[in-house]
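Throughout, protein chains are lettered first and strands after them, A, B, ... in sequence-line order, and every chain is numbered starting at 1. No hydrogens, no waters, no symmetry mates; every other heavy atom, side chains included, goes into these values.
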Amino acid sequence: MKLPLSYYSNQDVLFLAQDLLGKVLFTKINDEITAGIIVETEAYNGISDKASHAYGGRRTDRTETLYSHGGVSYVYLCYGIHHLFNVVTSVDDEPHAVLVRAIEPLIGMEIMELRRNMPASKAAISAGPGSAAKALGIDRSLNKKDLNGSEIWIEDHGIQYSADNIVAGPRIGVAYAQEDALLPWRFFIKGNKYVSKPNTI
DNA sequence: TCCGTGATGCACT
DNA sequence: GTGCATCACGGAC
């Protein structure tokens, strides 16, 4: 059920960003299990990607996680408020990552409703990377965890989306990345209400 | 629309 | 070592 670490060693981060759509992201925090279907991702393509924290091969205490082998979580704080969850992919010293931007709640709805203080029927409960992470109880204590462990992992439930139902568009909030800001490296499920705005290209 | 909130990274001593 | 601009966002107006 759990995706093996070998799944994440694929060196094509654009492929994995799309393949992770439909996979189910689980967390177990204080014995409470919650999970959601991944419906929106963004690819961050290593040292040549100006939007990546590892652009130009930058290594700092924070970005060190990105240089791990594939199948490790990368969680960091953004704007002082939001915890953002990424999946590190590829091999050692190749800092590729996929940002999970939205999930569709699947398991542990009432726990997620308490964490977010809103009903799961509202799309905002897990639309957007900060909200999705909060619904799943993810914070920086889950940084640099193997994704086949007991705290956070991803399963394949056989959910498949046809190419027609996957939309590619520019990534959100990366205007600083100049020409790389226009690359169509954001992927989401057409029509899914939990996809963050803007949910068109 | 506007702005909170805090870690981070880098330019400086 | 210290200061400060910057930031993969979201929610209250």
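- Heavy-atom neighbours of K2(A) NZ from other residues, nucleotides or ligands within 6.0 Å: above the threshold of 12.
- The NZ atom of K144(A) lies 5.0 Å from the OG atom of S68(A); values are rounded to the nearest 0.5 Å.
- When the P atom of dG10(C) is taken as reference, atom CZ of R116(A) falls 8 Å away, rounded to whole Å.
- If you check dA5(C) for Watson-Crick or wobble pairing at under 3.5 angstrom, you find it paired to dT8(B).
- Rounded to whole Å, atom P of dT8(B) lies 16 Å from atom NE2 of H82(A).
- Here the C1' atom of nucleotide dT6(C) and the CZ atom of R58(A) are 11 Å apart, to the nearest Å.
- Distances from the side chain of I81(A) to the nucleotides dC10(B), dG4(B), dC9(C) place dG4(B) closest.
- Within the nucleic acid shown, R171(A) has no heavy atom closer than 4.0 Å to any nucleic acid atom.
- Looking at every heavy atom in both residues, G22(A) comes nearest to Y161(A) through CA-CE1, 3.4 Å.
- Spacing between atom OH of Y55(A) and atom P of dG9(B) amounts to 17 Å, rounded to whole angstrom units.
- Each of R62(A) and G80(A) was assigned the nucleotide of DNA chain B with the nearest heavy atom; the assignment lying further toward the 5' end belongs to G80(A).
- To the nearest angstrom, P of dG4(B) lies 19 Å from NE2 of H83(A).
- For the pair L77(A) CG and dG9(B) P, the computed distance is 12 Å after rounding to whole Å.
- In this model, the phosphate group of dG9(B) is approached by a side-chain N or O of T60(A) to a distance below 4.0 Å at OP1 or OP2.
- For R101(A), the listed nucleotide lying nearest its side chain is dC9(C); candidates were dC9(C), dG9(B), dA7(B).
- Distance check: E155(A) CD to L25(A) CG gives 10.0 Å after rounding to the nearest 0.5 Å.
- Put simply, CD on E40(A) is 11 Å from P on dC9(C), counting in whole angstrom units.
- Atom NZ of K134(A) is separated from atom P of dG11(C) by 8 Å (rounded to the nearest Å).
- The side chain of P129(A) sits closest to dG10(C) out of dG10(C), dG11(C), dG9(B).
- In this structure, D92(A) places its CG atom where more than 12 heavy-atom neighbours from other residues, nucleotides or ligands lie under 6.0 Å away.
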